[in-house]
Protein chains: 2
Amino acid sequence: MPVIGDVARLAGVSKATASRALSGRGYVADDTRQRVVAAASKIGYIVSPDAASLVTGRTKNVGVVIPFVNRWFFGEVLEGIERALLAAGYDLTLYNVAETGPERARVFDFFLARKRVDAVIAVGVDLSGHEVDALEHREKPLVCLGGSGGAAARLAVDDRAVGTLATEHLLHLGHTRIAHLAGAGALDHPASVAGQRRAGYLEAMTTAGITPAPSDIVETEMSTPDGYRAALQLLGHPNHRPTALFAASDEVAFGAMRAADRLGIAVPLDLSIVGVDGHEYAEMFDLTTIEQYPGEQGRLAVDVVLRLLGEGEVADPLPDSGAPLPTRLVVRASTTRAPR
Amino acid sequence: MPVIGDVARLAGVSKATASRALSGRGYVADDTRQRVVAAASKIGYIVSPDAASLVTGRTKNVGVVIPFVNRWFFGEVLEGIERALLAAGYDLTLYNVAETGPERARVFDFFLARKRVDAVIAVGVDLSGHEVDALEHREKPLVCLGGSGGAAARLAVDDRAVGTLATEHLLHLGHTRIAHLAGAGALDHPASVAGQRRAGYLEAMTTAGITPAPSDIVETEMSTPDGYRAALQLLGHPNHRPTALFAASDEVAFGAMRAADRLGIAVPLDLSIVGVDGHEYAEMFDLTTIEQYPGEQGRLAVDVVLRLLGEGEVADPLPDSGAPLPTRLVVRASTTRAPR
DNA sequence: ATCGAATGTGGAACCGTTTCCTGTCGCTCT
DNA sequence: AGAGCGACAGGAAACGGTTCCACATTCGAT
């Protein structure tokens, strides 16, 4: 395997000059540079990133910690991040970390603490103070996308407003008995995505002067199968039933639609359903939803990270760091006016 | 940031001994090791993987190239790989590479060619000879999971048999007019997953003495929305319709079920549907499917990779390298006897 | 008692880059 | 004409580990 010394010899220059010519830093005469580049490509030279980052301290690699890869939202974010990072010449090291536990601690204390990543993007994970400190102490920039606990740069949708908006949409349609399939984990972290959406729901209901029955709020994982289960539980009592349902995510909503179908409840005639995410399937299922744009969010997170790393060329200005990420209510056929 | 010299000094030993004590290679007296370890943890020492891999030539990092992260099958595989790699102390660098093109070439010629990964796992990607060579030339082990073109270690389901099995299931139920929603890309790569499943379907039909009408084979992307579109096209002519449908994947099958619902076609009364994958939602949708176990497949791929890397501790024996990965037909309510 | 192997430790070389420091030009400015 | 500066190139010192080699000790076997 050729090394830079080989390139230098072939081009008739010193290692120092070869390095400068290839990296584009420092003064190199134009024809010299050309000779070096030609020599390098001739013998198929490729720099050793290990050697380079050993001396520069930069690895051109960012770590992504993400609790799921197989939930639509997270998958989209991951794709967005990957694409943007690749375009910037960065590698992406994936840490799929869900629950708290020894495995998670190992990721933070061992994997991320090593010098292998220049920065970390945490998506949808509720970081402990200890975890944030560990990163900060190593001087690794940290960007949080959603989730909670991050003291650092944070990008997030206003999930409370999302919850309010979804609920108000149903209220405006005349519904009063509005149930909520709430994302679990809300209790541990009231600041979490699911907790915020639930808070927004409660706020809208309270503002409308309605107190939801406790049995009208059912916790569920943010998945279709569990949404199905939760919806069966919620809708199982035929005598008195909600006329509308705010599902904490589109995937939950799909499960609820399936449950309604199974129970012979017509959507939207007997039950209006609204979800959150703008899932790829939402259009097919005619689901009213509050869209967010996870792929774009991932791209944005990369923008911020690159800026934090002093990668100068990023042209577009930073989005107002405080401002929440955009969302949009898309009304489809799964919601309609409340029956009299 | 502490370096190994600091640890050595604090423990009163040489760098060499400290290194041996921490890595567990070579002879170190037991009490010496303890002193070194204590010193290391006291000052929070963590090895620099760059420095280590510079000299050893091993990075403890494997690259995964995968065309989608947001299709269920691929997401599951990725999760399985991640978990297994993490457990073995390896990092996973993700390359989300779909189409052929300059971006893909860049991944293979630049990213993967550098010394940053010890090996590559390619899942579901049809590798060109050039791409395989590039890796081989750098002496990087390559494990292919599904996909085609890999000359190297390959793990795969027998997708032709899967196609046959699914079709035979429908034939046994008395169906004769059996349509197929075929995964696209089959033409470019007849050896691809989708191409094999289609071949299996054709084989079973031919064996049964049936020649499917060309309009009964519709190509679709392996996604629910596109399955929906394709099924609408397939089932749109009310006069003569298939009584059964073999969808190239569960996700396609879900789209087809939705399309049937939309068209007022009852499943399974008017139309039996069988899919492939064992998708997380299959049970909820009562979908008959041929399960495969992508998470497990990912774990297996990691096993093979680790073995190729000479990671000795992996206890369980290699699965017979030629043998196809396991699958299982799971019959649910989406298939039933053909109407008379 | 002697020898060889096994065990334990340290010094120094090495991995492949980047970058600091020097040094040589050739040019412009005073 | 001499000083000063910018462009260019090379030697050598890092970066932070691992491992080869040499050397010292202990111990069991002959």
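Computation of the quantities below employed the complete heavy-atom set of this structure, encompassing side-chain atoms and omitting hydrogens, waters and symmetry-equivalent molecules. Per chain, numbering begins at 1; letters A, B, ... match sequence-line order.
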### Task
Name the first nucleotide and the last nucleotide along DNA chain D (5' to 3') that come under 4.0 Å of a heavy atom in chain B.
D/dG16 to D/dC20
### Message
Under the rule for salt bridge (charged side-chain N to carboxylate O under 4.0 Å, His left out), what residues qualify as partners of B/Glu103, not counting sequence neighbours?
### Response
none
### Task
Go through the steps to decide whether B/Arg83 and B/Glu79 satisfy the test salt bridge (charged side-chain N to carboxylate O under 4.0 Å, His left out), and finish with yes or no.
CA-CA 6 Å; B/Arg83 209 180 309 281; B/Glu79 269 190 26; 3.4 Å; yes
### Query
Just how large is the angle between the end axes of the helix from C/dA1-D/dT30 to C/dT30-D/dA1, five pairs per end, to 10 degrees?
40°
Polar pairs (N or O, both sides) under 3.5 Å between protein and nucleotides 19-24 of chain C?
| from | atom 1 | to | atom 2 | distance (Å) |
| --- | --- | --- | --- | --- |
| C/dT19 | OP2 | A/Arg25 | NE | 3.2 |

#### Entry: B/Ser192 and B/Asp126 side chains, donor-acceptor separation under 3.5 Å
no
### Task
Using distance alone, with no hydrogens and no angle criterion, decide if B/Asn70 and A/Glu76 have a side-chain donor and acceptor under 3.5 Å apart.
yes
N/O donor-acceptor pairs under 3.5 Å from side chains in residues 29-36 of chain A, not counting sequence neighbours:
| from | atom 1 | to | atom 2 | distance (Å) |
| --- | --- | --- | --- | --- |
| A/Arg33 | NH1 | A/Ala21 | O | 3.4 |
| A/Arg35 | NE | A/Ala11 | O | 3.1 |
| A/Arg35 | NH2 | A/Ala11 | O | 3.2 |

## Note on the structure
Residues at least two apart in sequence or cross-chain that pass ring-ring contact (aromatic ring centres under 6.0 Å, His included) with A/Tyr45, listed by chain then number, are none
### Query
Starting at NZ of A/Lys60 and ending at P of C/dT17, how long is that distance when rounded to a whole Å?
17 Å
### Task
Under the ring-ring contact (aromatic ring centres under 6.0 Å, His included) rule, collect the residues that match up with A/Phe108, sequence neighbours excluded.
none
#### Entry: salt bridge (charged side-chain N to carboxylate O under 4.0 Å, His left out) partners for A/Asp109, two or more places apart
none
#### Entry: Set of ring-ring contact (aromatic ring centres under 6.0 Å, His included) partners for B/Phe73, sequence neighbours left out
none
## Note on the structure
Expected list for residues 35-46 of chain B near DNA chain D, using heavy atoms below 4.0 Å, is B/Tyr45, B/Ile46
### Query
Just wondering, are more than 12 heavy atoms of other shown residues or ligands nearer than 6.0 Å to NZ in A/Lys115?
no
## Note on the structure
Separation of C/dT17 atom C1' from B/Asp50 atom CG, nearest Å, is 11 Å
#### Entry: B/Tyr27 OH - C/dG10 P separation (whole Å)
17 Å
### Residue pair B/Asp91, A/Arg116: steps toward the salt bridge (charged side-chain N to carboxylate O under 4.0 Å, His left out) verdict
CA-CA 10 Å; B/Asp91 277 334; A/Arg116 193 167 268 169; 2.9 Å; yes
### Task
Could you tell me whether A/Thr32 contacts a base, only the sugar-phosphate backbone, or nothing, with contacts defined as non-hydrogen atoms closer than 4.0 Å?
sugar-phosphate
## Note on the structure
Taken in chain and number order and not counting sequence neighbours, the residues that satisfy ring-ring contact (aromatic ring centres under 6.0 Å, His included) with A/Phe111 are A/Tyr95
### Task
Would you mind listing every salt bridge (Lys or Arg N to Asp or Glu O under 4.0 Å) that reaches into residues 2-27 of chain B, with sequence neighbours excluded?
B/Asp6-B/Arg9
